[in-house]
Protein chains: 4
Amino acid sequence: MGIQTRQLRDRERRRQQIIAASKRVFTSKGVSRTTIKDIADEAELSPGTLYIYFKNKDELYASLSIRMLKHLHLSLQRVKETKDLSDDQRIDSVKRALFELYEIDPLMLINLSHLQASETLENISPELYEQILELSRRSLQALSEIFTKGIELGNFLNRNPMQLAVVLWAMFSGLVLWEESKRSLDTRKNFLKPTLEIAFEIFGRGVKSGKPV
Amino acid sequence: MGIQTRQLRDRERRRQQIIAASKRVFTSKGVSRTTIKDIADEAELSPGTLYIYFKNKDELYASLSIRMLKHLHLSLQRVKETKDLSDDQRIDSVKRALFELYEIDPLMLINLSHLQASETLENISPELYEQILELSRRSLQALSEIFTKGIELGNFLNRNPMQLAVVLWAMFSGLVLWEESKRSLDTRKNFLKPTLEIAFEIFGRGVKSGKPV
Amino acid sequence: MGIQTRQLRDRERRRQQIIAASKRVFTSKGVSRTTIKDIADEAELSPGTLYIYFKNKDELYASLSIRMLKHLHLSLQRVKETKDLSDDQRIDSVKRALFELYEIDPLMLINLSHLQASETLENISPELYEQILELSRRSLQALSEIFTKGIELGNFLNRNPMQLAVVLWAMFSGLVLWEESKRSLDTRKNFLKPTLEIAFEIFGRGVKSGKPV
Amino acid sequence: MGIQTRQLRDRERRRQQIIAASKRVFTSKGVSRTTIKDIADEAELSPGTLYIYFKNKDELYASLSIRMLKHLHLSLQRVKETKDLSDDQRIDSVKRALFELYEIDPLMLINLSHLQASETLENISPELYEQILELSRRSLQALSEIFTKGIELGNFLNRNPMQLAVVLWAMFSGLVLWEESKRSLDTRKNFLKPTLEIAFEIFGRGVKSGKPV
DNA sequence: GATGAATGAGCGTTCATTCAT
DNA sequence: AATGAATGAACGCTCATTCAT
């Protein structure tokens, strides 16, 4: 491994270290109450160091979502490309992909949903903004293509597939935020999962073409 | 009308005047970039005066949603209590109630969804917190009772009606936030409406019992 | 006196209070080492208050010079308009005007010269910038008109009067900065005065038309 | 050439390389907006390396002037020592020496004038401080000796020659700073030259003894 | 009740400087 | 000698909140 490679790897490691610290602080203090100093302390770094790896606070926040978005895109892409799946199975795969996303890192998913709901994106560099947008776009695109297939086969309601994708995502992120808002009230875990199951059951049934009996 | 009554009425008027000013500023500057001073200027009052009517900034923000929550609760209550409606019609009425909510004041609905997604509620007085919670609870309760009816009649899937209510609300608020996040990208209006139509179509079909054909 | 008048007067008083505090701190710590906090402490105000009266640090610094520039302009205007003065007497009046300027407030004059020599002006509001520029322009204009008279009467060298004005001002401000730079070395006061006397003597003799004997 | 000599030469080379880079950055970004990192980048060195060659930022800034001061001193010394020159010719030679200084490197001359006008000198090592002071002193000394000659011959006004030297230098540096402050307003070049011509013409005429006709 | 000047803790950010490699 | 990541004190500035009038 060359020197350059190691440097790049070290750099990425530090970024991940900072991101990991951010998550921990977010969890304990809440996103809006977390300061750069808090994160620096948690990461056992100085505030200045954070600015070597992230252009500013908003970019740090936004960067937290990149990984998750990449994962999301990859998962949906995989579902889309898997052969020999019925449309039912495909919807089910989407459900499992989103479940998995949530299980890997619920906090980051909340953060991603927050991002969508805040004005953070308006304060980041065009490059990062474009990256986030592109990843979101591609994920929705993958989702919409799954619906397109089903529509073409006559299995799904003939509705704008992109809108179907948006509806599914809204339902998912809406539930994630809902759970987050309930966190302080009710610390029972595993609340999201059963509700998501029901949500997907309904969505899956509803998107199917044919009159319900 | 007694003096006290008039005083209360005046007080309420001022509150509404401040709330109205807040809305206007939020619309033009965005929520996170709006300061108390901005609102005071817009209301042609001094910052100090705002603190006579609202305990602090978060309470002001939270108060914005009270009216909307009351309206929401009332609408859903009405749907629940209307006699001689089929379950299909009832779902349709819920849809129209939420549409109406959005049309009356899209910004406040966004604010309500934000509220749910932010940490604002953690900084308000227990009284206001309880009020908001109670109104939310009641709205969801009304919604869940609508589902209970349908389930009892065998028209709806036999799932936990409160969870069904949460799913429906999550879908709705998720779409509202989604639209908000797209506002800077795409200024086309009336984007939410058609997507909500599809969302409700799918939900309505999905929640119906019976195998899809 | 109306309420508004008093408010305006109070506002101006506060500004002068802050400016006075700035001067004291500048004298003891040096301009470049003075922070907003230092000035606030000296003025027995909070840092935030300074920002009510001055848009930012650079504007505060630049504002220090406004008064001096106004005084300068007025003095030169007066010299220009005084009747029945020989050109020798007029040059002498200019000398006395600049002497006086220095004696009123040497520190502010140094500050004015610094301003010219720094990049502070690049960071202030266009309005203040224009005000400073306009006052400078007018002062130089007045000076140049004094020279124009002398040239027309054949008493002064026929050179571009604006350039003559610039030369005189450069000589003056150059000496002021020179003295400032010597302050740490040599605390003897009254060093500038005799040197300025010589400078004006030479300038006065040099600008006169006619071959020196 | 011994090893030590080469090492010294290499060291000096590096210093000059860094100084050259500083100049380029100052020109493009302005002195106050230039950071050590900027200079390091421009010099294709690391920030740490700069600290091997310069004790701190102020020393780097101050060092920029050393060369110019040496050149200035040399030039004035030469003028002083040149035989068979009339006093008029000697003043003219001083003018040409300063012109030349400006033409070689206007930016460094500005920097030298800034140095005099700032508090940089208060933060440097006593050695460097002494060196700069000594060079300044010697230059002024040379200048004053030129005046002494003229005074002794009865050609110049019998004034303190050191003060005459200071007046001449103040006029010169005042004009240099004046031009610098006009740079952003008026990009016409060659503005300084004609004004300096007039300045020297006036100084030359003014310093001459004898009543003007 | 209404004011709005004043507050000041706290923020994000910078950058000269250091030091382990 | 050269590096450059890391430092962390210090900065300018904001703004929710208070309180004397």
Side-chain angles (χ1 to χ4, degrees), chain A residues 3 7 10-11 13-14 18 32-41 43-61 123, chain B residues 7 10-11 14 33-41 43-61 123, chain C residues 3 7 10-11 13-14 18 32-41 43-61 123, chain D residues 7 10-11 14 33-41 43-61 123:
Chain A
I3 288 173
Q7 281 171 347
D10 286 353
R11 188 176 173 80
R13 243 184 222 164
R14 264 275 197 261
I18 293 166
S32 72
R33 278 186 297 268
T34 296
T35 69
I36 287 286
K37 176 98 190 354
D38 292 331
I39 298 173
D41 286 348
E44 293 180 51
L45 292 169
S46 75
T49 305
L50 267 56
Y51 285 84
I52 299 172
Y53 296 93
F54 300 93
K55 211 170 137 191
N56 57 41
K57 197 191 178 193
D58 281 334
E59 293 231 5
L60 168 52
Y61 285 4
N123 301 321
Chain B
Q7 281 173 345
D10 287 353
R11 188 175 172 81
R14 267 274 203 258
R33 280 185 293 269
T34 295
T35 68
I36 287 285
K37 174 123 200 325
D38 291 331
I39 296 171
D41 287 348
E44 294 181 49
L45 293 170
S46 77
T49 306
L50 266 58
Y51 283 81
I52 297 170
Y53 296 95
F54 299 92
K55 206 174 136 194
N56 58 40
K57 198 191 178 190
D58 281 335
E59 292 231 6
L60 169 51
Y61 284 3
N123 301 322
Chain C
I3 288 173
Q7 280 171 346
D10 286 352
R11 190 176 172 81
R13 243 184 222 163
R14 264 275 197 261
I18 293 167
S32 71
R33 279 186 296 269
T34 296
T35 70
I36 287 286
K37 177 97 187 0
D38 292 331
I39 297 172
D41 286 349
E44 294 181 51
L45 292 170
S46 75
T49 305
L50 267 56
Y51 286 84
I52 298 173
Y53 296 93
F54 300 93
K55 213 171 137 191
N56 57 42
K57 197 192 178 191
D58 281 334
E59 293 230 6
L60 169 52
Y61 284 3
N123 302 321
Chain D
Q7 281 173 343
D10 285 353
R11 187 174 174 82
R14 267 275 202 256
R33 279 185 294 269
T34 295
T35 68
I36 288 285
K37 174 121 199 328
D38 291 330
I39 297 171
D41 286 349
E44 294 179 51
L45 292 169
S46 78
T49 305
L50 266 57
Y51 282 81
I52 297 169
Y53 295 95
F54 299 92
K55 204 174 139 194
N56 57 40
K57 198 191 179 191
D58 281 335
E59 292 230 6
L60 168 51
Y61 283 4
N123 301 321

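All heavy atoms count here, side chains included; hydrogens, waters and symmetry mates do not.
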Measure the distance from [atom1] on [X] to [atom2] on [N] and round it to the nearest whole Å.
| X | N | atom1 | atom2 | answer |
| --- | --- | --- | --- | --- |
| D/Tyr53 | E/dT17 | OH | P | 18 Å |
| A/Asn123 | E/dG12 | CG | P | 13 Å |
| A/Arg13 | F/dA5 | CZ | P | 16 Å |

* Please work out if D/Phe54 contacts a base, only the sugar-phosphate, or nothing of the nucleic acid, heavy-atom cut-off 4.0 Å. => nothing
request  = Looking at every strand, decide which applies to D/Leu45 at a 4.0 Å heavy-atom threshold: base, sugar-phosphate, or nothing.
outcome  = sugar-phosphate
Does A/Thr34 reach the side chain of A/Tyr61, with side-chain heavy atoms less than 4.5 Å apart?
yes
Atom [atom1] in [X], atom [atom2] in [Y]: separation rounded to 0.5 Å?
| X | Y | atom1 | atom2 | result |
| --- | --- | --- | --- | --- |
| A/Ile52 | A/Arg11 | CD1 | CZ | 8.0 Å |
| A/Ile18 | A/Leu50 | CD1 | CG | 4.5 Å |
| D/Asn123 | D/Lys55 | CG | NZ | 10.5 Å |
| C/Lys37 | C/Asp41 | NZ | CG | 3.5 Å |

Is the backbone N or O of C/Thr35 less than 3.5 Å from a side-chain atom of C/Asp38, with the two atoms forming a donor-acceptor pair by type? yes
Ranking E/dG1, F/dG4, F/dG8 by distance to the side chain of B/Ile52, first place goes to E/dG1
Applying the 3.5 Å cut-off to both distances, the Watson-Crick or G-U partner of E/dT21 turns out to be F/dA2
For E/dC15, the nucleotide meeting Watson-Crick or G-U wobble distances (both under 3.5 Å) is F/dG8
Exercise for the section: May I ask you to evaluate whether C/Arg14 reaches the phosphate of E/dA6, defined as a side-chain N or O under 4.0 Å from OP1 or OP2? Expected result: yes
Could I get a table of every N or O pair under 3.5 Å where one atom is in the protein and the other is in nucleotides 12-16 of chain F?
| residue | atom | partner | partner atom | Å |
| --- | --- | --- | --- | --- |
| F/dG12 | OP1 | C/Lys57 | NZ | 2.6 |
| F/dG12 | OP2 | C/Ile36 | N | 3.2 |
| F/dC13 | OP2 | C/Tyr51 | OH | 2.7 |
| F/dC13 | OP2 | C/Lys57 | N | 2.9 |
| F/dC13 | O5' | C/Tyr51 | OH | 3.4 |
| F/dA16 | OP1 | B/Lys57 | NZ | 2.9 |
| F/dA16 | OP2 | B/Ile36 | N | 2.8 |

